[in-house]
Number of protein chains: 2
Amino acid sequence: MKLSTKSRYGVRALFDLAYNSGSLPTQVQDISRRQDISPRYLEQIFQNLKKAGILTSKRGPKGGYTLARKPEEISIRDILLATEGESLFVDCIVVGDGRRKRKPECGLNGCCVTQTIWSDANNLMTEHFGTVTLKDLCERAQAMGLKREVDNRMMYFI
Amino acid sequence: MKLSTKSRYGVRALFDLAYNSGSLPTQVQDISRRQDISPRYLEQIFQNLKKAGILTSKRGPKGGYTLARKPEEISIRDILLATEGESLFVDCIVVGDGRRKRKPECGLNGCCVTQTIWSDANNLMTEHFGTVTLKDLCERAQAMGLKREVDNRMMYFI
DNA sequence: CTTAAAACCTACTATTTCTGTCAACTAAAT
DNA sequence: ATTTAGTTGACAGAAATAGTAGGTTTTAAG
């Protein structure tokens, strides 16, 4: 069980957005270049993140994407929810409000012992990822001495 | 990111072994029947678990598989290590003694901020799964009132 | 010694998921 | 009007997963 690239790229891209962007929207191609992710593919990922309410977009010249909330209000959990779905590990557990049912998968639904382990693990991870935000990532990056890219659109105004 | 069936079946099968077996070896076909897993597929999974030192086997008539250690000495972590490999979540982190290198995956090796999150999560899960053993599963099963199957090989001796 | 029951090994196939590309379309700014 | 950039849905190649199959070896029992 590995995270899909949608999750890994998604987190990287959102971090990039939080770390390198000012108040202006950032284009997919810039993030794509900095993070070395196929721009077309990144567009797809960003669509999901937009649907999930993590990103907002602006079309046209000088358009691009912006974080919908402040970095400290976007957790890894939020991102994974958009890219991986409700439950990590297995599909056969019912999570949250239980509106969406999952495929039963095995006949022993409800009385399956192993289900409880995956459910516990899922809760643990959800809780953990809920406490890590984009702001934390930015702080780590700064502590590691990661360079911010100068916004080259500013050049025109100098 | 979902667990592979090898992991889920593996845990189920080992639990079954711990819960339903006496001192005699248990055949793949019995576990397969009780847990509704394809016997041929289960054989493959058991080979890995044997290589990992979790199972021992005996060939020939009245042969089968036995747990290599006591149920309280086999953790979910041990099982996942055999079925999923060293690291959950991502491949680009170096775990353990570092003898086995992973594919770099991204150019930013070593100075990647997001890598640290997956690494943290991996450690957390490893720690957690390390504390849950087959014995715990058996206790949960008993608490849930799960019936043990009578070993029908005993019938002949009545 | 023969037979049969079981694990063991290797290869193959089908299915699904992942990853990425393409083309046509729509909206916004100049 | 034109250009820039996001939107959408379809689609294709690659890789991983899941499961099947045939044959071999070991061993207990008759």
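Chain letters run A, B, ... following the sequence lines, proteins first and then strands; every chain starts at 1. This structure is a prediction, so every number in the text was calculated from the model and none was measured.
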Margin query: Is it the case that the side chains of B/Lys50 and B/Thr56 hold a donor-acceptor pair, with the cut-off being a distance below 3.5 Å and no angle test?
Written below: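 No, no side-chain donor-acceptor pair sits under 3.5 Å.
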Note to self: Is it the case that the side chains of A/Ser75 and A/Thr133 hold a donor-acceptor pair, with the cut-off being a distance below 3.5 Å and no angle test?
What the structure shows: no
In whole angstroms, how far is the [atom2] atom of [N] from the [atom1] atom of [X]?
| X | N | atom1 | atom2 | result |
| --- | --- | --- | --- | --- |
| B/Asn48 | D/dA18 | CG | C1' | 14 Å |
| A/Lys62 | D/dT3 | NZ | C1' | 14 Å |
| B/Lys2 | C/dC18 | NZ | P | 9 Å |
| B/Ile45 | C/dA7 | CD1 | P | 14 Å |
| B/Leu49 | C/dA7 | CG | C1' | 14 Å |
| A/Tyr41 | C/dT19 | OH | C1' | 5 Å |
| A/Leu42 | D/dG6 | CG | C1' | 12 Å |
| A/Arg59 | D/dT8 | CZ | C1' | 10 Å |

Next item on the list: Check if the side chain of A/Arg40 and the base of D/dG6 share a donor-acceptor pair of N or O atoms closer than 3.5 Å.
Entry: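 There is none.
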Next item on the list: Measure distances between side-chain N and O atoms of B/Glu43 and base N and O atoms of D/dT20, and say whether any donor-acceptor pair falls under 3.5 Å.
Entry: no
Counting side-chain heavy atoms from CB outward, which of [options] is closest to [X]?
| X | options | result |
| --- | --- | --- |
| A/Pro61 | D/dT7, D/dA28, D/dT4 | D/dT4 |
| A/Lys6 | C/dC8, C/dG20, C/dT19 | C/dT19 |
| A/Gln27 | D/dT26, C/dA11, D/dG6 | D/dG6 |
| B/Ser4 | D/dT20, D/dA28, D/dA18 | D/dA18 |
| B/Gln44 | D/dG19, C/dC8, C/dT21 | D/dG19 |
| A/Lys58 | C/dA29, D/dG19, C/dC9 | C/dA29 |

Next item on the list: Please work out whether the ring planes of A/Trp118 and A/Phe89 are parallel, tilted or perpendicular, with thresholds of 30° and 60°.
Entry: parallel
Are OP1 or OP2 of [N] and a side-chain N or O of [X] less than 4.0 angstrom apart?
| X | N | answer |
| --- | --- | --- |
| B/Tyr9 | D/dA18 | no |
| B/Ser38 | D/dT20 | yes |
| A/Gln47 | D/dT7 | no |
| B/Lys50 | C/dC8 | yes |
| B/Tyr65 | C/dC8 | yes |
| B/Thr5 | D/dA18 | yes |

Note to self: What I'd like to find out is whether the side chain of A/Tyr19 reaches to under 4.5 Å of the side chain of A/Arg148, using heavy atoms alone.
What the structure shows: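 SC-SC contact between A/Tyr19 and A/Arg148 confirmed.
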Notebook entry, point to check: Any side-chain heavy atom of A/Ile79 within less than 4.5 Å of one from A/Leu134?
Noted result: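 The answer is yes, as the side chains (C-beta and beyond) meet within the 4.5 Å cut-off.
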Note to self: Considering every strand and a 4.0 Å limit on heavy-atom distances, what is the contact class for A/Phe46: base, sugar-phosphate, or nothing?
What the structure shows: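 If one applies the 4.0 Å heavy-atom cut-off, A/Phe46 turns out to touch nothing in the nucleic acid.
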Check: Base, sugar-phosphate, or nothing: which does A/Gln29 touch, judged by heavy atoms less than 4.0 Å apart?
Finding: nothing
Notebook entry, point to check: Of A/Ser57 and B/Gly60, whose nearest nucleotide on DNA chain D comes first from the 5' end?
Noted result: A/Ser57
Checklist line | Residue mapping more 5' on DNA chain C - nearest nucleotide basis, A/Glu84 or B/Val28 | finding: B/Val28
Margin query: For B/Ser87, is there any backbone N or O sitting under 3.5 Å from a side-chain donor or acceptor partner on A/Lys2?
Written below: yes
